[in-house]
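First the proteins, then the strands, lettered A, B, ... as listed; each starts at 1.
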Amino acid sequence: MIPDGMAMLHTLIPELILTIGGIVVLLTSFRRARQEDDGAWKLALTTLLVALWWTWRRTTPTDEPVATLHADSLVFYARMVTLCIGGLIFLACRSVPEPQERSEFFSLLLFSLAGISLVTVANDLILLFLALELVSVPTYILIGLSRRDLRAQEATGKYFFLGAFAAAIMLYGFSFLYGEAGTTQLYPTPDSPTSIAAVLELPSRAADKLVVLGLLLSLVGLAFKLAAVPLHFYVADVYQGAASPVTGLLGFVPKFAGFLAIIRLLTMTGWSFADGLFWLLWAMAAATMLVGNTLALMQQNVKRMLAYSSVAHSGYMLVALLAGPAAAGAGATGPLSDGISALLFYIAVYGVMNLGAFAALTYFRKPGDGEEDSAETLDDLAGAGRRHPWASLALAICVLSLMGMPPTGGFFGKLYVFSAALSCSADSPRHLAMIVLVVFGVLNAAIAAAYYLRIVAACYLRPASEVSAVRYTSSCGALRTCLLICAIFVMLVFLRPSVLLSPSRAAVAEMTPAHASPANTITIGQTKE
Amino acid sequence: MLYLADTWLGDHILSIVIFLPIIAAAMLFSRTAWQPESIRRFALGISLLTLLFAVLALLIYVSDRPGIAPAEWRLVERSDWLVGEDDQVPLRIQYYVGVDGIGLPLLLLTALLTPLAIWGSFSGIQDRHREYYALMLLLHGAMLGVFCARDLLLFYVFFEFTLIPLYFLIGIWGGSQRQKAADMFFIYTLSGSMLTFAGVLFLGWKASLLPIGPDGLRVFTFELDRLYQLAADGHLSLNTQWWLFIAFFAGFAIKVPLFPLHTWLPLAHTEAPTAGSVILAAVLLKLGTYGFLRLSLPMLPEASIALAPIIGVLAVAGIIYGALAAWVQRDIKKLVAYSSVSHLGFCLLGMFSLHLAGLTGSVLYMVNHGLSTGALFLVVGMIYERYHTREMDHLGGLARQMPIMAFFLILFALSSIGLPGLNGFVSEFLVLLGTFNSEKFVLPGFKGPLGIAFAVPAASGILLGAIYMLYMVGRVLFGPVKEPGHGFDSSTGLTRDLTPREIGVLTPLAIGCILLGVYPKPAIEIMEPALDRAVLARMVPQESASLARYDLSDKHKQAVELDGAYPVDSHADASNLDAISQSDRQHRMPVHLQPEIRNPSTTRREVLR
Amino acid sequence: MAILIPLLPLAGAALVGLIGLRGLRARSHWLVILPVAASLYLAVQLYFQVQASTQACAHGVRQMFESFTIYQWMLAGPDSWLNVSFRVDPLTCVMLLTVLIVSFLVIIYSVGYMRDHHGHAERGYERFFAFLAIFVFSMCTLVLAGNFLVLYVGWELVGLSSYLLIGFYYQRPAAAAAAKKAFLVNRIGDFGFGLGILLIYYTFGTLEYANVFRMIQAGVTVEGVPLESARVTTIALLLFCGAMGKSAQLPLHVWLPDAMEGPTPVSALIHAATMVTAGVYMVARCHIIFAASPYAMWIVATIGAATALFAATIALTQFDMKRILAYSTLSQLGYMFLALGVSAFDSAIFHLFTHAFFKALLFLGAGSVMHAMAGEIDVRRFGGLRKSMPITHATFLIGGLALAGFPFLAGFWSKDEIIHAAFESDMPWLAWVAVVTAWLTAFYTFRMIYMAFYGRERLPEGVEHAHESGAWMSLPLVILSIGAIGAGYLGVTIHRGGFAGIFEPHGAFHDFLSRNFGRPEVSHEGGGHLLMYVSSLIALWGIATAWYFYRRRPTIPMAIALVAGPVYRLLYHKYYVDEVYDRVFVRPLRKVGEICYDLDRYLINGVLWLITLVPRGIGFGLRRWQQGAMQGYALGMVVGLVVVLWWMLMTT
Amino acid sequence: MTTATTLIILGAALFGIGVVGFLTRRNLIIMFLCTEVMFQGVLINFVAMGLARGNLQGQVFALFVLVIAAVEAGLGLAIVVMLYRRRGTLDAESWRGMRG
């Protein structure tokens, strides 16, 4: 069969828009940038909006077989969320880079976002790996570009070295998966039934140590992206080092990509975890929640605190992941029993509220070494509530949402995640384990409240002091818009959860517990052996 | 009022009551240019308007359409909040409000106390007016919401949300240790209620497994009536109920607070601003008791009965412990705070007696404690505003300086220690009566879990309550005049004795205390059917006789009501028992002899519809 | 009509509270006097009605004294309400009349008493009258109650009035402390009383007097099960706890002497004539319950006798006139309980009735003295007032004689009846206690009279000359002294004929009450008359001894006090009961409170702190892995990976 | 032992050497090279697997990995240069400014 290149490209149009746009933005840097000129930002944002518009039209012809690409509703969801939150990131980052580096910065951002979409689209290990690298490589540079100071460089170094280290681990896992299956194709298509998923379906092979090894190495490697235990160590240092808006980005972009990849990988196993894998994920989820929260409890630096809290949130999402898709457990077909959908819901809300919190930190300025810097420690925030009621309110809303309090979207996130966990595998002995995990999770949420509350308390309960950052604020209008949108969105998700719930449910509607149905995964021109 | 019930207003009255303060709070927060004076007036006006609507709701409630059983939810309003389309199990989280005889009294209590608390803070709050009054209104709306919610998730949302405004109220306008107190309050209560959250989710999921209706439709919903049916239909094993009970217990017992989970309360009370203490004591603690009554008892009947002795022991321990600890306090506010621990023990004791009198007493106790303890906190706040101290060592003989204040303080103290004729007595007596008689008379074929062994030590609360309250009254009001060195502070326009505004704040509470003490019957008549049918009927393993009672013909009912007089001659022949009143016989009559019992299955369906 | 009797004084109190504070201050007594007078009038009307129906009943008409419900109050169970109900019968009438007459007189007396020598109203004048009115309301509610719940209401409300009035001079720490003590000690009793009421409901399913008594007589409980005698005894004893508190019987007597810190009219009205007798009234009202339990009766009688003797011995050594009278009140109340305990219920009520007159009279007289002595009440500080205060002296003497049991005065008749009943009972040794107490009573009464009124005139410092009180005060004294002389004759039948047969100790009073208590089959044969002589002699002997000790040989008391030093000190310090209570109950309890508070702060909060330490400890431990070194992190990642792989390979 | 097995073992060894080197050497460049060694180990593994399975996808993957490794090399060296300029040393231990 002849690969229909045009159809394949058609499927990839949003990603293509992003990458081509990114290249164009990069090329503009050859023009000499003036201080006030932010054409690169505008161009990049326009690119993003075009991609968004295209995705929204949903023109991908799913009936035509294309290439080793997914075109299911998860792709649509991933693109929409990526692009929407990407837009917010653009708003937050507008004044981050130096004028002469704007093109590089924003084009890298576009590449990174394109990478996330590609992760879902990929139906091939090679493509998946490339997509993941496309997500992470730009982020290494973004951290370095975001600030000039020592910490940013240290963060860049740590993130890059450890990221490469983790990527090698993940890739090693991929190689075993390929080796056992003999193909890099993830899911079978009508034209090429051989796929890793098909291999994993066979009970004899699924138990093979090398398959397990491959899966495990892949998962652990991806855990770096999620900032999940045991690969969470870098998180605080990197988050602290990056400029606040970029930190906001780091909380979302790699995590989303990582979770999408894990969803794709685990779907191959059919969600009927072997005991070992179940308990591994169980322990990972529990440990991630606990480690993140307890470490965050020890922090005085808000960015580090939020970094560890990001670990903890990965833990909650792992709980949802463990719950699996709706039909994973017998009898668990309730609407809030869908773990994957809960995960997708949660991560979107998390991306927004996390970004909002960092945007608020960016909004409060303090004199740094040489140039002014965003607020970073609790002391910096003292008295903010009084000086800047609206920004503090937005920060408080985002933080309360992270805490999971009503009336914020975070509440529904927790609701969805925990109810999914409670209702999965109802009649199996694992149900009790899930209940224990949920109880552990809510207790962790209580621990989390203790440190989130410190942020709120610093804003509202403490008087402004000499060291507070609240005397200055950012003059960036885009940042303020971002903050406003984040706060409003977080509230909106509470008032009308269906704005996010319906898409997230639709995203997994086609996901069946067995293997992805051929209708949704279209492959042609698979290289025959 | 019947006319109103059919209008738009009648359909949405509860929503208006709940959201009027919330929307007003948002408006207030954005009015940065307003002067304190107009902010105060606005806040007070809104809260009074809310009270007006709440009273209107009461009027519509009592005159609701004929033909509705007295225990039904009324003023119901529902709309979908989160609806998911699903092939098999539609998701339905609703905005579903309504009141019955349990929620309504507490709704009115909240609606009454918040304006008074707001009015009472006019002189105490001198800083950040806008935020303060906005938060008060926000809290107001949330508390009202809790008592109206008919959807468990909605309940939980309001329940949890109340933490946020109060956290700020304590943390910003509190005393010297305000941040510690606010943190402790927030985290302590949140830790408990997070477990409750898990329980809520579990129940919702359980409900989604249950086909309802003839077509076997399954709905994922947190609607209370559905959840009640879980246990009624035997879908919750005793073991499951146990765990769920513990999950609910974690949230509610901390909120109540039940001994030994009470230690956040004295600190929060001491540090909170006056209005915060008032609201905390008067309403927020009731969220816990209301939660027990509304959720734990009817949803988890078997576990509730099984665990009632433990709760009873804790409640009794709290009564005695709280009273003794109150006695040794030097800070008036702390004393009143510990008295709350003691009082709320009574409240739970009565509730878990599962005797109609105990339950009635318990709900009355919630209202009465709100009135009298709220008022006590207000009075203490008034003293504090004048002398900037609450230490009893620094105060004395104030009856001479502030006779009007003394009058109110004594009145509310007496109400708090259960002096007959004031409200505290009615509820205390009913609670003790219910506990005492818990083992008998509850319903035929059903014995309450508590009994004399609980009532006797609890009754010592009568004595202990008097000890610490009179100790406080004696120290503060009596003896030679003693004021702190700086005398009284008139900088905020206060006079030595209470100002007319302050008298205006306390007078409605005083009237309430006396009215509910002398003639609580209207309140009891509102509560009783709801308690009987919404709580007791669900506790009983078999069909309850009390369900049938509402089918008594009017004539018969009248006869029952009129038989108060006992035409008995003490010298008549002693063996002749005929003269013993009809109601007594009625009382002892076995179920199957009572007239006109409905077919049990239809009754059940109607109740749980 | 009966409803108005308590309500009128309440309205008066409310009016005083509302308008008395402004303008009307010095005339606010009218707002109380008039309603109480009206109530008194109504009570008299009520008496005639009851009298009429009693007679009708005697003629076989089955018309009854019934409880009538005023309104439904609380819900006790499905469709069963606890009501506010009243009941009017002869016992109620007697009590109402006693209460209202004495109240009326005391209120009039107070108009004079609560003013200084220039006729200006004292501070808190209007408050005083409002409180008195509240008391009258409460007391009327108590006696009119038709069920135990309303009884309890009145019971507590009189306690409240007592608290407010004892603490009237609240700026005096002693008064404030006494008020608190009175209320709390009463509450101890009420604790038992309340439990008793609960147990009654538990047992009988109702709180209406009539139903309860009927079921006791029938010996069944509400379930129709035979009533156990232990249950009845428990109920009776619990109720008696309340009576012990209210009527200041051993061991709950400690509050009454201290209550004398209140204004003297209060002591007269509340702490002598009316409120403290509520316990007696209650036991009499519940006589069916008590009668059903011999054990309870035994306790009542014993405690009554013990209190009578105990209080009388203390009274021997006191010097404060009001305290002497207070102990005497205790003692007389002891008599009443003794009478109740030996089933002489009507005698107890009779003694209550006469005692109200002469004891109120004595207190008011003491108040008159106190008023003249500028607040001084210690009989060592003044004396010989006979000349300067003739009316007070005369009336006080009459009261004293009545108290001492001097023949043909009120106290004589009633006390004699009690002693007689005690002899007739199966516990005759109680009668001997009563006789000894009678002697002591005569002795200490006249000890006080001789010290205060006879001998050389002595005045405390600052008082120029003693003066007689004004008409507002004198008039009640005179009226009460008439009562103290004549009230006893209501309880005796006067025969024409020989001296021995003239007086029959069973009169109209008892007939009237027989609707309540039935007709006792006590024989009033010769023994009764003999006793009359004996007790007359004993009274005279006591008076004579006092005369000898305090008029003739004033050194003897000193000598006795010296010789019997320890005993004297024991009596003088009231057997150290207060001190013992303080050490045994109050301080340990407070200590427990402190321990509770410490537990809160240290144990519970400590445990909480430990719990919060768990996440913080974990965080602290985990921070050791976060040292900032890249290779450290890599090591952590590798370790994690190895653990995962090892575990995985082990399990699959 | 087949060629494939040998190659797999070789790959694993290389990977292991890379890991150990990364953990033990403190020079940033050598550490970076160690990650490259790990990548090469993976690469060899891919080739070996492809050999064993008899298809070319392994080799194709290996080529992609090579490209990515090159990209990372460029980036990595740039970062190392940046870090060296700032501190004047290549010691990884000198970058411990943020911790906790």
Side-chain angles (χ1 to χ4, degrees), chain A residues 124-127 129-130 132-134 136-137 140-141 144 149-151 153-185 194 210 217 236-241 295 298-301 303-304 526-529, chain D residues 4 8 11-12 14-15 18-19 22-23 28 31-32 34-58 60-65 67-69 71-76 78-80 82-87 92 94-100:
Chain A
D124 193 284
L125 269 185
I126 303 175
L127 190 53
F129 172 66
L130 290 177
L132 286 169
E133 286 300 304
L134 187 57
S136 46
V137 170
Y140 302 147
I141 309 170
D149 74 354
L150 212 56
R151 285 170 301 172
Q153 295 180 351
E154 183 180 337
T156 313
K158 284 180 178 171
Y159 195 38
F160 171 75
F161 275 88
L162 295 173
F165 188 73
I169 294 173
M170 178 187 75
L171 199 58
Y172 200 42
F174 280 7
S175 70
F176 283 111
L177 284 180
Y178 159 70
E180 285 305 296
T183 173
T184 54
Q185 188 182 336
T194 43
L210 284 183
L217 285 170
D237 293 0
V238 173
Y239 278 38
Q240 188 190 354
L295 276 171
M298 311 301 290
Q299 305 304 319
Q300 285 300 314
N301 184 308
K303 282 168 83 175
R304 288 186 80 81
Q526 191 59 52
T527 317
K528 290 277 168 58
E529 291 164 40
Chain D
I8 288 170
L14 273 178
F15 190 86
V19 169
F22 189 87
L23 292 179
L28 283 172
M31 283 169 67
F32 175 68
C34 286
T35 62
E36 289 295 310
V37 170
M38 288 164 72
F39 271 103
Q40 304 316 311
V42 174
L43 196 146
I44 287 174
N45 208 30
F46 268 117
V47 173
M49 292 298 184
L51 204 63
R53 294 293 157 204
N55 64 23
L56 292 174
Q57 286 179 19
V60 173
F61 209 142
L63 285 176
F64 275 106
V65 173
V67 174
I68 294 294
V71 169
E72 295 217 333
L75 181 57
I79 289 172
V80 169
M82 178 184 79
L83 296 180
Y84 179 74
R85 277 199 189 150
R86 195 67 183 241
R87 279 275 152 93
S94 66
W95 293 95
R96 295 178 61 179
M98 296 176 293
R99 57 164 76 184

Could you walk me through whether D:F64 and A:L127 pass the side chain to side chain contact (heavy atoms under 4.5 Å, CB included) test, one step at a time? CA-CA 9 Å; D:F64 275 106; A:L127 190 53; over 6 Å; no
So what's closer than 4.5 Å to chain D heavy atoms on A:I169: side chain, backbone, both or neither?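 Both backbone and side chain of A:I169 come within 4.5 Å of chain D.
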Between A:A164 and chain D, with a heavy-atom cut-off of 4.5 Å, which part of the residue counts as in contact: side chain, backbone, both or neither?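 Contact with chain D is through both the backbone and side chain of A:A164.
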Option that, when pairs with chain A are counted at under 4.5 Å, heavy atom only, ranks first among [options]:
options                    : value
D:E36, D:R99, D:M38        : D:R99
D:A4, D:S94, D:A12         : D:A12
D:M31, D:M49, D:R87        : D:M49
D:A69, D:G58, D:A62, D:A52 : D:G58
D:L83, D:I68, D:I79, D:T35 : D:I68

Got a second to check how far [X]'s [atom1] is from [Y]'s [atom2], nearest 0.5 Å?
X     : Y      : atom1 : atom2 : answer
D:F46 : A:L171 : CZ    : CG    : 4.5 Å
D:I8  : A:L210 : CD1   : CG    : 7.5 Å
D:W95 : A:T156 : CH2   : OG1   : 9.0 Å

Going by heavy atoms in the side chains, are [X] and [Y] under 4.5 Å from each other?
X      : Y      : answer
A:T183 : D:R53  : no
D:M98  : A:R304 : yes
A:E133 : D:E72  : yes
D:N45  : A:Y178 : no

Tell me, side chain or backbone of D:L28 under 4.5 Å from chain A's heavy atoms, or both, or neither?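 Contact with chain A involves both backbone and side-chain atoms of D:L28.
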Part of D:V19 lying under 4.5 Å from any heavy atom of chain A: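 Both backbone and side chain.
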Parallel, tilted or perpendicular: which describes the rings of A:Y172 and D:F15, with under 30° parallel and over 60° perpendicular?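 The rings of A:Y172 and D:F15 lie parallel, inter-plane angle below 30°.
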Pick from A:F174, A:F176, A:F160: which one has the most heavy-atom pairs with chain D under 4.5 Å?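 The option with the most such pairs is A:F160.
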Chain D interface, residue from A:L295, A:L125, A:N301 that has the most non-hydrogen pairs under 4.5 Å: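 Looking at each of A:L295, A:L125, A:N301 in turn, A:L125 comes out on top.
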Between D:F22 and A:F165, ring centroids under 6.0 Å: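 Close enough - the centres of the two rings lie under 6.0 Å apart.
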Could you report the tightest heavy-atom contact between A:Q185 and D:Q57, atom names first, then the distance?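 Result for this residue pair: N-OE1, 4.4 Å.
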